[in-house]
Structure formats: structure tokens, C-alpha cells
Amino acid sequence: MLYHPTVARLTQRAILGRRRALILLLLPVLLIAIAIVVRALVGADDEVTADLLGGFALATMVPLIGVIAGTGAIGPEIDDSSIVYLLAKPVPRPTIILTKLIVAVSVTVAFSALPTLVAGFILGGNGSRLAVAYALAAAVASVAYAAFFLMLGTISRHAVVFGLVYALVWEALLGSLVDGVKTLSIQQWALAVGERIGQGGHVVSDVALPVATVLLVVVTAGATWFAAQRLRSLTLAGEE
């Protein structure tokens with residue numbers, strides 16, 4: 001069994017706690033509010049649409065929500081040691097990780113990809129299919145981010161800090177300055193997927209689609225596998 005309803009409910013409750021829910025809502029609401037204001041002031045403009053959806057939605061909102069959902073899926077349980085009670089249940093460790101990943105991906109997509117699609121339609125950029133292109137890129141990135149940050153949650157108690165460093169320093173800062181870094185950027189891999197749908201040259205990635213697809217699969221599968229292995233070691237440590 002790859003999905004466990006009880007684990008899913010506990011994970012959903014952890015991610016969507018009052019404090020995290022407010023943070024998760026803040027960025028999508030801000031994106032849609034900015035889209036409404038921009039549309040009222042500028043009108044429908046593909047260039048402006050691409051700048052807002054690429055520069056704010058995909059580059060900032062998606063990874064930050066991924067950090068909150070991915071680390072929140074398991075980090076708090078490890079921090080307060082409540083994970084021990086879950087591991088004592090007759091639930092396979094891969095099932096626990098896969099269930100938590102499914103919930104984390106669902107939350108990340110709901111709070112990032114869907115608002116990106118709504119903002120794109122508001123901005124009127126769907127003439128070049130920009131709304132759909134960026135929403136798909138956000139959904140693809142959500143899967144990889146959720147898996148990667150979930151893995152970080154099993155490795156360190158400071159997973160949120162490391163996640164923010166990756167999202168804001170590695171991808172946002174270094175990724176805009178150093179060409180080699182872009183090849184190792186989830187954001188660029190997701191853009192390669194969106195580039196196939198977007199028209200007019202507004203959605204551009206520095207990574208070819210075949211390479212991006214392979215890297216997305218490898219990182220998602222590898223991070224999920226490693227998280228499951230870490231959970232096994234946590235069990236062994238508790239038994240010792």
C-alpha cells in the first residue's frame with residue numbers, strides 16, 4: 001500500500017496548522033492582488049505577465065511554499081519525537097514517506113500552481129498560453145520541491161533554514177548570476193516543461209527539456225528513496 005489515510009490526516013494537520021496556513025495563504029493572496037492591480041494599470045501584456053509569473057510566482061512563491069509544505073510534512077514530528085509513535089505502528093516506512101509526499105505535493109500545488117493559473121488568467125496572458133505554461137511549470141516544480149524538502153526534513157532539524165538557503169540563495173541569487181548553477185535548479189527544470197506550452201518566447205529555460213525531465217525524475221525519486229532510508233535509520237536509532 002502506497003497511501004495510508006491516518007498518516008495523511010496527521011500530515012495534513014501538521015502542514016495546515018494555524019500558523020503555517022496563514023503563511024501558505026499570504027503568498028497566493030499577494031500574487032493575485034498584484035495581478036489585479038497590474039491588469040488594472042497596465043492591461044493585458046504578455047511581457048508583464050511573464051515577468052510576474054516567472055519572477056514572483058515560480059521563482060519565489062513556489063519554492064517558499066514547497067519549503068513550508070515539504071519540511072512541515074515530517075520535521076515537526078521529528079523535532080518533538082512524536083514520529084516514534086508513528087514508527088511503532090505496523091506501517092511500512094516507504095508508505096509513510098510516500099503518503100507524506102502526496103500530501104505535501106497536494107498542498108504545494110493547491111497553494112502555488114492554482115494561484116499561478118488564476119493570476120495568469122487575470123493578467124490576460126493566456127493569449128500566449130502563459131497562464132497554463134507557468135501553472136504547469138509550478139505544478140512540476142511543486143513535486144520536486146516537496147520531495148527535496150521532505151528529504152531535508154528527515155536529515156536536519158534546521159531543514160527550513162537549509163530549504164530557504166537553497167531557494168533564495170542557490171536558485172534566486174546564484175542562479176541569476178552563475179550560468180552553471182542554472183543547470184542544477186529545479187526552477188529551470190520546471191521552466192523547460194512550461195517552455196513547450198508557452199508561445200512567443202516568453203517562457204525560457206537554460207536547460208533542455210530531455211535533460212530537465214531526467215533531472216526532475218532523478219531528484220524526486222532519489223529524494224523520496226533517501227527519505228525512506230532515513231526513516232529506517234530513525235527506527236533503528238530508537239530501538240537502540
Side-chain angles (χ1 to χ4, degrees), residues 8-42 48-77 79 100-125 130-150 152-153 157-173 175-176 185-187 190-191 194:
R9 285 196 300 271
L10 293 173
T11 304
Q12 189 174 37
R13 188 181 305 168
I15 296 177
L16 298 178
R18 183 177 301 177
R19 187 176 302 174
R20 284 192 178 86
L22 290 175
I23 299 175
L24 286 171
L25 279 171
L26 178 62
L27 290 172
V29 169
L30 179 61
L31 171 65
I32 293 175
I34 293 175
I36 293 172
V37 172
V38 169
R39 178 60 189 268
L41 295 177
V42 179
V48 173
T49 299
D51 288 342
L52 180 58
L53 298 185
F56 180 74
L58 192 61
T60 303
M61 183 180 73
V62 179
L64 289 180
I65 291 177
V67 170
I68 296 170
T71 60
I74 197 168
E77 291 177 313
D79 289 342
K100 288 181 174 295
L101 177 60
I102 290 171
V103 175
V105 168
S106 301
V107 171
T108 307
V109 169
F111 284 90
S112 61
L114 293 181
T116 298
L117 182 64
V118 173
F121 281 127
I122 292 173
L123 290 164
L130 293 179
V132 176
Y134 276 107
L136 178 61
V140 170
S142 295
V143 178
Y145 280 130
F148 181 68
F149 295 134
L150 175 63
L152 287 183
R157 293 179 180 272
H158 306 291
V160 174
V161 176
F162 290 128
L164 291 175
V165 168
Y166 173 81
L168 300 179
V169 177
W170 179 265
E171 287 202 342
L173 180 59
S176 63
S185 167
I186 293 174
Q187 176 190 338
L191 278 172

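Just so you know, these numbers come straight off a predicted model, no measurement behind them.
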Check whether any side-chain heavy atom of Pro115 lies under 4.5 Å from a side-chain heavy atom of Leu27, and answer yes or no. no
Side chains of Leu26 and Leu22, heavy atoms from C-beta outward: is any pair under 4.5 Å?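 No; the side chains remain at least 4.5 Å from each other.
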So, using salt bridge (Lys or Arg N to Asp or Glu O under 4.0 Å) as the criterion, who are the partners of Asp79 when residues are at least two apart?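 Arg157.
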My understanding is that only residues two or more places apart in sequence, or in another chain, count here; which of them pass salt bridge (Lys or Arg N to Asp or Glu O under 4.0 Å) with Arg19? none
For [X], side chain to side chain donor-acceptor pair (under 3.5 Å) partners two or more places apart:
| X | answer |
| --- | --- |
| Tyr145 | Glu171 |
| Thr108 | none |
| Arg9 | Thr6 |

Could you walk me through whether Leu64 and Leu164 pass side-chain contact (heavy atoms from CB on, under 4.5 Å), step by step? CA-CA 7 Å; Leu64 289 180; Leu164 291 175; 3.4 Å; yes
Closest approach of [X] and [Y], non-hydrogen atoms and distance?
| X | Y | value |
| --- | --- | --- |
| Ala14 | Gly72 | CB-O, 3.8 Å |
| Leu114 | Ala110 | CB-O, 3.7 Å |
| Ala190 | Ala141 | CB-CB, 3.7 Å |
| Ala73 | Leu150 | CB-CD1, 3.9 Å |
| Pro63 | Ala167 | CB-CB, 3.7 Å |
| Leu117 | Ala131 | CD1-O, 3.7 Å |

Going by the rule side chain to side chain contact (heavy atoms under 4.5 Å, CB included), which residues pair with [X] if we only count those two or more places apart in sequence or in a different chain?
| X | answer |
| --- | --- |
| Val42 | Val38, Asp45, Val48 |
| Ile36 | Ile32, Ile122 |
| Ala8 | Tyr3, Thr99, Val103 |
| Leu30 | Ile34, Phe56 |

Spatial distance of atom [atom1] ([X]) from atom [atom2] ([Y]) [nearest 0.5 Å]:
| X | Y | atom1 | atom2 | answer |
| --- | --- | --- | --- | --- |
| Thr71 | Ile15 | OG1 | CD1 | 8.5 Å |
| Lys100 | Ile74 | NZ | CD1 | 5.5 Å |
| Leu52 | Arg39 | CG | CZ | 13.0 Å |
| Leu24 | Ile68 | CG | CD1 | 5.0 Å |
| Leu123 | Leu53 | CG | CG | 5.5 Å |

Go through it in stages, so that I can follow the logic: the residues are Tyr134 and Leu191, the test is side-chain contact (heavy atoms from CB on, under 4.5 Å), and I'd like the CA-CA distance, side-chain angles, deciding distance and then a yes or no. CA-CA 8 Å; Tyr134 276 107; Leu191 278 172; 3.9 Å; yes
Applying side chain to side chain donor-acceptor pair (under 3.5 Å) as the test, list every pair that has at least one member in residues 110-122; sequence neighbours left out. Ser112-Ser142
Please name all residues satisfying ring-ring contact (aromatic ring centres under 6.0 Å, His included) with Phe111, sequence neighbours left out, ordered by chain then number.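 Applying ring-ring contact (aromatic ring centres under 6.0 Å, His included) to Phe111 gives none.
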Below 30° counts as parallel, above 60° as perpendicular, anything between as tilted: where do the rings of Tyr166 and Trp170 land?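 Judged by the thresholds at 30° and 60°, the geometry between Tyr166 and Trp170 is parallel.
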